[in-house]
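What follows is a set of notes on a single structure, which appears directly below.
Below, each value reflects all heavy atoms present in this structure, side chains not excepted, and no hydrogens, waters or symmetry copies.
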Amino acid sequence: MTPPPGPQRGGAMRELTVLEDAALLVRDGVIAWVGPAGEAPRLPNTAGLGTVDLGGVAVVPGLTDPHTHAIWAGDRLADFEARVEGVPYEEMLARGGGIRSTMRATAAAGVAELVALARPRLDALARSGATTIEVKSGYGLDFGAELRMLEAVRTLQTRVPATLVPTLLIHVPPTEGRTAYVRAVCEELIPEVAHEGLADAVDVFCEREAFTVEETRAILTAAQANGLRVKLHADQFHALGGTELACALGGLSVDHLEASGEAQIAALAASQTVATVLPGVTLHLGLPAAPARALVDAGACVAVGTDLNPGSSPLFSAQLALALAVRLNGLTPAEALTASTVNAAAALGLTDRGALVVGQRADFLALHSPDWRDLAYTLGLNPVRDVFVGGQNLKEMTL
């Protein structure tokens with residue numbers, strides 16, 4: 001990435017700088033110098049510094065996964081089997097399945113169980129190259145369960161080498177009393193989460209089956225009033241105006257966008273809000289792909305995430321999400337790399353990672369091959385050999 005680092009828009013997403021025979025100097029977890037190995041600064045012999053020869057392989061910035069639901073209990077295997085047999089989702093719900101089954105199982109789990117269940121999922125994402133991972137709540141419905149999910153993320157922050165970014169997700173309304181529920185979210189849950197520092201942002205699922213645009217506006221406005229950033233699930237099945245709302249409120253990102261049209265693409269291109277596409281959903285559910293190609297061509301800032309969750313995207317690899325974005329969403333390999341690094345970080349409000357330039361966090365990946373494009377090309381085999389977080393190899397880190 002050519003300096004200055006930060007979110008890239010439109011055609012700039014294709015502009016990569018490739019250095020041959022390069023070297024990095026890492027100091028205190030931050031990149032202090034980068035350039036041709038022959039020009040590397042001389043280091044004093046007494047400095048106690050270590051040198052690592054990566055063996056001539058490609059080195060790229062660490063990936064950021066800006067959208068996961070990695071905290072859940074139970075499973076949706078019966079739903080999966082029923083769906084491929086053509087059973088309508090409404091019938092799955094009547095059978096006790098669907099998202100409500102995940103919410104029941106998650107609400108019944110304690111913090112320790114949620115931590116134990118989520119740890120291998122997050123470890124898998126880290127091994128795939130994700131050095132920063134967003135983790136949402138949203139499967140609790142009742143406030144106690146939502147808080148336990150966020151407390152599990154807080155515990156995992158001390159056990160997972162990757163950086164975890166917690167988000168409070170207001171996911172599904174109750175079957176009765178939704179007006180009172182929205183009011184309580186705004187007046188009780190959000191202030192408590194903000195006071196306890198349990199989340200960096202609030203997300204809302206704005207859809208016909210979830211929250212209306214006006215309910216979403218009330219929740220996001222309450223979040224901002226309590227000092228939390230905002231983002232949105234929108235346009236997954238219907239374009240209701242959620243994307244335009246998020247752009248107007250200065251939201252960090254709008255995620256999904258499978259049903260976005262020209263108006264939503266134009267709104268995102270004219271705003272600072274990141275458009276996050278989730279190709280795992282397209283692969284797993286057979287939905288139309290989010291229009292990443294049109295978004296880039298319009299000048300928007302596009303990011304890629306896994307949407308790791310039990311129901312619609314059981315995708316445990318940030319690298320595979322990058323590769324699928326090329327095949328399903330029409331991104332070029334360079335655009336997909338940008339979308340999975342600096343732009344994905346921007347979708348979380350982070351500007352200190354995602355580019356191999358001086359001053360950025362030393363989060364980077366060493367591939368098995370000398371060509372960075374293997375990151376977008378490879379399917380089913382992890383092309384990432386080593387993951388470095390703050391300059392330290394993940395294989396050597398114990399938390």
Side-chain angles (χ1 to χ4, degrees), residues 67 69 71-74 76 79 88-109 135-150 166-194 198-199 201-226 228 230-246 249 251 253-259 278 281 285 287 307 309-313:
H67 187 125
H69 304 254
I71 305 282
W72 79 81
R76 301 277 281 281
D79 288 358
Y89 186 67
E90 292 77 9
E91 185 174 335
M92 293 184 210
L93 288 173
R95 294 177 180 179
I99 191 171
R100 302 283 180 181
S101 68
T102 299
M103 298 178 87
R104 288 193 299 272
T106 304
V135 186
K136 303 179 190 294
S137 69
Y139 288 132
L141 190 60
D142 72 87
F143 293 175
E146 291 295 311
L147 294 171
R148 286 194 296 277
M149 293 182 73
L150 293 173
T167 296
L168 170 64
L169 170 60
I170 310 304
H171 204 176
V172 179
T175 54
E176 297 179 357
R178 62 187 293 155
T179 299
Y181 178 79
V182 170
R183 184 183 307 114
V185 166
C186 296
E187 297 178 0
E188 299 173 24
L189 179 59
I190 288 175
E192 182 173 358
V193 168
L198 287 171
V202 173
D203 192 351
V204 182
F205 186 23
C206 183
E207 259 296 344
R208 287 182 185 173
E209 297 79 11
F211 293 93
T212 68
V213 173
E214 286 311 308
E215 289 169 336
T216 301
R217 183 191 303 275
I219 295 168
L220 297 185
T221 300
Q224 291 178 322
N226 282 274
L228 297 173
V230 299
K231 56 197 315 183
L232 202 61
H233 282 57
D235 299 359
Q236 182 173 3
F237 303 105
H238 309 94
L240 305 180
T243 292
E244 292 88 338
L245 172 65
L249 292 177
S253 70
V254 180
D255 304 20
H256 275 292
L257 307 172
E258 291 90 350
L278 307 167
V281 178
L285 295 185
L287 296 179
D307 193 16
N309 75 79
S312 62
S313 184

inquiry  = What verdict does the side chain to side chain contact (heavy atoms under 4.5 Å, CB included) test give for D235 and V254, after you've listed the backbone C-alpha separation in whole Å, the side-chain angles of each residue and the deciding distance to 0.1 Å?
reply    = CA-CA 9 Å; D235 299 359; V254 180; 5.7 Å; no
query = Is a side-chain donor or acceptor of Y139 paired with a backbone partner of M149 at a separation under 3.5 angstrom?
reply = no
request  = Measure the shortest side-chain to side-chain distance between V204 and E215 over non-hydrogen atoms and say whether it is less than 4.5 angstrom.
outcome  = no
note = Separation between OG1 (T102) and CZ (R76), nearest 0.5 Å, reads 4.0 Å
ask   = Are any of the side-chain heavy atoms of H69 and L169 separated by less than 4.5 Å?
value = yes
message = For L147 and L189: C-alpha separation, side-chain torsions, deciding distance, then whether side chain to side chain contact (heavy atoms under 4.5 Å, CB included) applies.
response = CA-CA 9 Å; L147 294 171; L189 179 59; 4.1 Å; yes
note = For D79 and G97, the nearest pair of non-hydrogen atoms, with its separation, is OD1-CA, 3.7 Å
note = NE2 of H256 to SG of C206, rounded to nearest 0.5 Å, is 12.0 Å
query = Checking side-chain contact (heavy atoms from CB on, under 4.5 Å) against F211, which of T216, L232, L240 comes through?
reply = T216
query = Is the shortest heavy-atom distance from the side chain of N309 to the side chain of K136 under 4.5 Å?
reply = no
task = Can you see which heavy atom on G140 is nearest to which on A107, and at what distance?
result = O-CB, 4.2 Å
request  = Using atom types as modelled and distance alone, determine if a side-chain donor or acceptor of E146 lies under 3.5 Å from a backbone N or O of G138.
outcome  = yes
message = Evaluate L278 against Q236 for side chain to side chain contact (heavy atoms under 4.5 Å, CB included), listing each step before the verdict.
response = CA-CA 10 Å; L278 307 167; Q236 182 173 3; over 6 Å; no
inquiry  = Among residues at least two apart in sequence or on other chains, which ones pass ring-ring contact (aromatic ring centres under 6.0 Å, His included) with F205?
reply    = H171, H233
request  = Taking the side chain as every heavy atom from C-beta outward, state whether L141 and R100 have any pair of such atoms under 4.5 Å apart.
outcome  = yes
remark   = Closest non-hydrogen contact found for L150 with L198 is CD2-O, 3.8 Å
ask   = How about R208 and F237: do any of their side-chain heavy atoms sit closer than 4.5 Å?
value = no
Minimum heavy-atom distance R178-A210, with the two atoms named = NH2-O, 2.8 Å
query = Which pair of non-hydrogen atoms, one from A259 and one from A239, has the smallest distance, and what is that distance?
reply = O-CB, 3.8 Å
query = If you round to the nearest 0.5 Å, how far is CD1 of I170 from CD1 of I190?
reply = 5.5 Å
task = Measure from the side-chain N and O atoms of S137 to the backbone N and O of L168, and report whether any donor-acceptor pair falls under 3.5 Å.
result = no
query = Counting only N and O atoms by type, is there a donor-acceptor contact under 3.5 Å from the side chain of E91 to the main-chain atoms of P88?
reply = no
ask   = Any side-chain donor paired with an acceptor under 3.5 Å for D203 and T167?
value = no
key: Validation row: R148, T106 side chains within 4.5 angstrom (heavy atoms)   = no
inquiry  = Which heavy atom of L285 sits nearest to which heavy atom of G311, and what is that distance?
reply    = CD2-O, 4.2 Å
Which atom pairs, donor and acceptor, lie under 3.5 Å between side-chain atoms of residues 217-226 and protein residues at least two apart or in another chain?
| from | atom 1 | to | atom 2 | distance (Å) |
| --- | --- | --- | --- | --- |
| T221 | OG1 | R217 | O | 2.7 |
| Q224 | NE2 | L249 | O | 3.0 |
| N226 | ND2 | A222 | O | 2.8 |

